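Only a predicted model underlies this, so the values are computations on that prediction, with no experimental measurement involved.
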Amino acid sequence: MKIAINGAAGRMGKMLVSLAEGAGMEVIAKVDVLDGYDKSWPEGVEGVIDFSHHSAIKATMAEAVKRNIPCVIGTTGLTADEQSCVDEAAKVIPIVQSGNYSLGVNLLLEMAKKAAAVLGPEYDVEIVEMHHKHKKDAPSGTALMLAKSVAEGRNVAPDFIYGRSGETGERPQGEIAVHALRGGSVIGDHTVMFAGDVERVELVHKAQGREAFAAGALKALEWAKGKKAGIYTMRDVLGF
């Protein structure tokens, strides 16, 4: 499969390039705004993986739709307008969109949903994520996915708070809170805490390298080839 990688100069982009050949793929376009990288896709691209900046997603969608090829989106921090563009493109091509492509994180999503359903709103939920100091958006896409999984488990609308400051008063029952930490070279740590009156349950995932994310994204693109138009998640790819 001949593919293009958008954001090829980034940490994930470089990892995707290094693992692509082992996954049976040929990278024929390494696209990035930095000098020395491609600025467009050549003929023959059969799929694209985007780990660039959210501002580039509209151009990626337009090109993928024009060529009628599958797309994997790992870029996070999309605005409502940019997400709408993705949704429109998914009416024409298959798109896998996820804030995280690792097996462990997607298992964590299922565990968080199950725990939320079993423990109920009597257990206060705090989601804490930490990433390296270079990450540009907050909270992480993975943290938001975890918060949505908790909301799904409780069968409530996805309504979250982000951090706390000032005279906040007592914590209301049912509140789902998300907190973002940044520093050093942390690849990605995520904790979902269920705090009850007599016990506390914590679900934790700590990434030790970017290989799991890149391998998952490549697997997702291979899976998407030949699929019907629509938006899929990594959980669809893994069969969860």
Side-chain angles (χ1 to χ4, degrees), residues 1 3-8 10 12-13 16 29 31-33 40-41 45-102 105-106 109-110 112-113 127 129 135-160 162 176 178 180 213-214 216-240:
M1 190 176 185
I3 69 171
I5 294 177
N6 284 7
M12 275 299 300
L16 285 163
V31 182
D32 206 283
V33 295
S40 62
W41 311 348
V45 172
E46 299 173 301
V48 58
I49 300 177
D50 193 297
F51 273 86
S52 60
H53 189 265
H54 67 87
S55 60
I57 204 69
K58 289 186 176 181
T60 299
M61 292 297 95
E63 193 67 22
V65 167
K66 176 183 175 182
R67 296 174 185 240
N68 195 28
I69 58 175
C71 180
V72 167
I73 301 175
T75 302
T76 57
L78 274 64
T79 65
D81 185 49
E82 290 161 352
Q83 184 58 53
S84 178
C85 181
V86 172
D87 296 340
E88 284 298 310
K91 296 176 181 178
V92 182
I93 60 173
I95 297 173
V96 181
Q97 184 178 22
S98 178
N100 198 298
Y101 285 88
S102 84
V105 163
N106 282 277
L109 291 169
E110 293 298 311
K113 181 178 178 180
I127 297 170
E129 58 97 344
K135 186 168 177 59
K136 296 180 175 62
D137 61 311
S140 70
T142 302
L144 292 175
M145 290 165 64
L146 288 165
K148 289 175 182 176
S149 287
V150 170
E152 288 175 14
R154 288 182 172 178
N155 196 27
V156 298
D159 184 20
F160 319 127
Y162 303 97
I176 301 172
V178 183
F213 309 134
L218 291 164
K219 180 181 178 70
L221 186 58
E222 181 64 36
W223 178 90
K225 188 176 182 180
K227 290 291 188 297
K228 296 188 302 181
I231 290 187
Y232 302 92
T233 70
M234 193 58 184
R235 282 181 276 181
D236 293 316
V237 176
L238 297 170
F240 284 175

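Applying the 6.0 Å contact sphere to NZ of Lys227 captures more than 12 heavy atoms from other residues, nucleotides or ligands.
Rounded to the nearest 0.5 angstrom, Phe51 CZ and Leu16 CG are separated by 6.0 Å. Rounding to the nearest 0.5 Å places OG of Ser149 at 10.0 Å from CD1 of Ile176. Atom CD of Glu63 is separated from atom CG of Asp50 by 12.0 Å, given to the nearest 0.5 angstrom.
For the residue pair Lys135 and Ser140, the shortest heavy atom distance occurs at CE-CB, 3.8 Å. Of all the heavy atoms in Ser40 and Ala29, the pair that sits closest is O-CB, 4.2 Å. Pairing each heavy atom of Val92 with each of Val65, the nearest pair is CG1-CG1, 4.0 Å.
Evaluation of the side-chain contact (heavy atoms from CB on, under 4.5 Å) rule for Asn155 yields no partner, not counting sequence neighbours. Trp223 meets the ring-ring contact (aromatic ring centres under 6.0 Å, His included) test with Tyr232; sequence neighbours excluded.
One N or O on the side chain of Thr75 and one on the backbone of Ser52 form a donor-acceptor pair closer than 3.5 Å.
The pair Glu110-Lys113 does not meet the salt-bridge criterion, since no charged nitrogen lies less than 4.0 angstrom from a carboxylate oxygen. Using a 4.0 Å cut-off between charged nitrogen and carboxylate oxygen, Lys148 and Glu152 do not count as a salt-bridge pair.
The shortest distance between side-chain heavy atoms of His54 and Thr76 does not fall below 4.5 Å.
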